[in-house]
Amino acid sequence: MKFKVLTLFPEMVLSGLHTSITGKAIENDRITLDAVNIRDYTQDKHGKVDDYTYGGGAGMLMQAQPVYDAWKEVTAAALNREKGCEVQRRSPRTIYVTPQGRLFTQEYARELAKEEELIFLCGHYEGVDQRVLDEIVTDYVSIGDYVLTGGELPVMVMIDAISRLVPGVLHNEESAETESFHRHLLEYPQYSRPEIWRGKEVPKLLLSGDHKKIAAWRLEESVRITKERRPDLYAAYERQENVIKQLSGNKRLHIHMMEALRRGRGEVLYAKDGAIAVYDYSCKTGLFTVRAEDDMQGAEDMISAIPEAVLTEMDLAVTTAEVLNHQLSRLRAEQPWRVSAECRQACYTQKNPLAVRHKDIRLLQEEELTCLPMHYACESEACLADRLRAKALFGAFADGKIVGIAGWYADGGIGLLYVEEPYRRRGIGSSLEAFCINRQLEMGFVPYGRISADDASVLQMQEKLGLYLSERHLWCLERKSWIN
Ligand code: ADE
């Protein structure tokens, strides 16, 4: 991820972000940071970049010319780089930080973390001439309802929050893909040594080593604190819990929707009379269900209630009935969907880890992309590279090499299973899958995966491992334009 900051105080931005975790990320080339001094671009011979406001009013305004020229230079560098690769590109997203902008949230940070490059403009004085903003800005963003003296601090806040979502910036094993477990809840209280400080003891339960009880206590505390301090978040949490409860009526079928919500990656778009739509914004996938296979009216009401902008953004859809395919196609005739797979859901509802027979399995590193089985048939190299970055791909080793892989997709469903031909029928595939299931259990998830409805051997393997298969089928839909 490349960050470029247009500012009158480059040293402020650079010194702040060259510290601590963002500083390390810059050192390790996970992110790059350039701060460009707008003053270097002024045509005024005294180096002036501001002037009085037309129509009167207190204070000075940043002028259009130096801002535009600084932006032009930064974007020209980006566009020139791309030219060599024959890629036609638009200018990178340009963010102007201002109290008049859209509120910056974790969700917004996730959206921006998907970009390759971001340009930030820091205002000063009373703001910036509107004409240049109209010309270059794609996003107006505020970090909160208060007014600061300049845009540098908001930009630093944003870069910090976005950077930690870039794979490899945080060095813990699980990536940020697995975090923010209860999205609508605030963090529970935490304690470190000593056990007693100024007569105050650490809650006894936290010393018990009983992880189940500790998790329950933390959730309880999170709920309590959220209710007390952020009733707005708590109301959203309650609404979501209610939808999860409705979905749990057929857990085997709906586990992907329940987990999208529980893992903090999904948002309820619609829930009425058994018709439920959840949007997994992290992988732009719509998850739909209706009470019965032929519930045309329910499907129609649900699709029409979803905002046009969200439907247009969706790349994939997973639905419980083919009826939804018709609804989507009809409503979005110019970009129809096609069925890419008909699946059954496999869901592991137990809490105990599975035995892993093949012992030599571990998390794969990004550098190992070139060592993956050459004949890997199902996924593109780009998909595997993405899964490696997300720390979601595991390898089975034998004879000093990787002979099989498995992991989970961006939506969290376990899959990507492949074992090299000479190593099949030795339990390596089921060991890989058991390994992934155990990892997800450790993360507090309910493991699941979608299995092609006609893949008898893999379906059989699920049942042998103790997973339940859904009776009803799931239809995976892709947008045609996206496939080409
Ligand atoms: N510039 C000044 N105050 C700001 C705020 N609250 N958010 C973003 N940019 C700002």
Side-chain angles (χ1 to χ4, degrees), residues 1-22 31 33-42 48-71 74-75 91-115 117-166 180 186 229-230 232-233:
M1 163 73 86
K2 299 186 182 77
F3 298 108
K4 306 254 169 74
V5 184
L6 309 179
T7 167
L8 291 173
F9 299 98
E11 65 291 349
M12 178 175 174
V13 175
L14 290 174
S15 63
L17 290 173
H18 268 278
T19 317
S20 185
I21 293 177
T22 45
I31 59 173
L33 173 68
D34 286 331
V36 172
N37 195 338
I38 296 169
R39 202 177 294 281
D40 292 344
Y41 292 84
T42 180
K48 220 164 66 92
V49 290
D50 61 323
D51 211 328
Y52 292 102
T53 317
Y54 279 119
M60 310 285 267
L61 208 60
M62 273 168 78
Q63 291 170 287
Q65 176 274 317
V67 171
Y68 186 68
D69 287 355
W71 179 83
V74 162
T75 49
S91 299
R93 226 156 145 173
T94 299
I95 294 156
Y96 176 53
V97 284
T98 164
Q100 281 85 45
R102 170 180 158 195
L103 190 66
F104 186 58
T105 59
Q106 190 63 26
E107 202 172 321
Y108 203 170
R110 273 195 210 106
E111 178 191 322
L112 293 173
K114 292 189 197 125
E115 300 287 329
E117 180 164 350
L118 292 170
I119 299 179
F120 291 91
L121 171 62
C122 307
H124 254 272
Y125 315 116
E126 286 306 308
V128 180
D129 190 308
Q130 188 60 40
R131 289 167 297 181
V132 68
L133 297 179
D134 290 344
E135 194 94 3
I136 67 172
V137 171
T138 55
D139 297 64
Y140 290 80
V141 185
S142 164
I143 63 160
D145 289 337
Y146 40 80
V147 182
L148 300 165
T149 55
E152 283 72 17
L153 286 171
V155 164
M156 287 158 71
V157 165
M158 288 183 69
I159 292 181
D160 186 291
I162 297 165
S163 295
R164 62 186 289 289
L165 301 175
V166 172
S180 68
L186 300 178
R229 296 185 199 160
R230 290 286 304 273
D232 55 326
L233 278 188

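One-based numbering, in listed order, for ligands and for the atoms of each.
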Can you find a heavy atom in the side chain of Leu148 that is under 4.5 Å from one in the side chain of Ile143?
->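 In contact.
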
Only heavy atoms count here, so choose which of Leu153, Thr149, Val155, Thr98 is nearest to atom 8 (C) of ligand 1.
->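 Considering heavy atoms of Leu153, Thr149, Val155, Thr98, the nearest to atom 8 (C) of ligand 1 sits in Thr98.
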
Should Ile143 be counted as touching ligand 1, given the test is an N or O pair under 3.5 Å?
->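 Yes, since at least one N or O of Ile143 sits under 3.5 Å from an N or O of ligand 1.
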
Heteroatom distance test (Leu148, ligand 1): nitrogen or oxygen, under 3.5 angstrom |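 Checking ligand 1 against Leu148, an N or O pair does fall under 3.5 Å apart.
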
Among all protein non-hydrogen atoms, which one is nearest to atom 5 (C) of ligand 1, and what is the separation to 0.1 Å?
->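 For atom 5 (C) of ligand 1, the nearest protein heavy atom comes out as Tyr146 O, 3.8 Å.
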
Counting only heavy atoms, which portion of Pro154 has something under 4.0 Å from ligand 1: side chain, backbone, both, or neither?
->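 It is the side chain that gets close, since no backbone atom is under 4.0 Å.
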
Which atoms of ligand 1 have any heavy atom of Val141 under 4.0 Å away?
->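 Answer, ordered by atom number: 8 (C).
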
With atoms numbered from 1 as shown, which atoms in ligand 1 lie under 4.0 angstrom from a non-hydrogen atom of Gly144?
->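 By the 4.0 Å cutoff, the relevant atoms are 6 (N).
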
Applying side chain to side chain contact (heavy atoms under 4.5 Å, CB included), run through Asn37 and Leu8 and close with a yes or a no.
-> CA-CA 5 Å; Asn37 195 338; Leu8 291 173; 4.3 Å; yes

Lys/Arg cation over aromatic Tyr140: Arg102, 6.0 Å, 45° cone =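 Judged by the rule (NZ or CZ under 6.0 Å from the ring centre, within 45° of its axis), Arg102 is not positioned above Tyr140.
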
Check whether any side-chain N or O of Gln65 sits under 3.5 Å from a backbone N or O of Tyr41 as a donor-acceptor pair, and report yes or no.
->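 Yes; at least one donor-acceptor contact below 3.5 Å.
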
Working for side chain to side chain contact (heavy atoms under 4.5 Å, CB included), residues Leu6 and Phe120 | CA-CA 6 Å; Leu6 309 179; Phe120 291 91; over 6 Å; no

Interatomic spacing from CG in Leu112 to CD in Glu107 - rounded to 0.5 Å |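 Between atom CG of Leu112 and atom CD of Glu107 there are 11.5 Å.
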
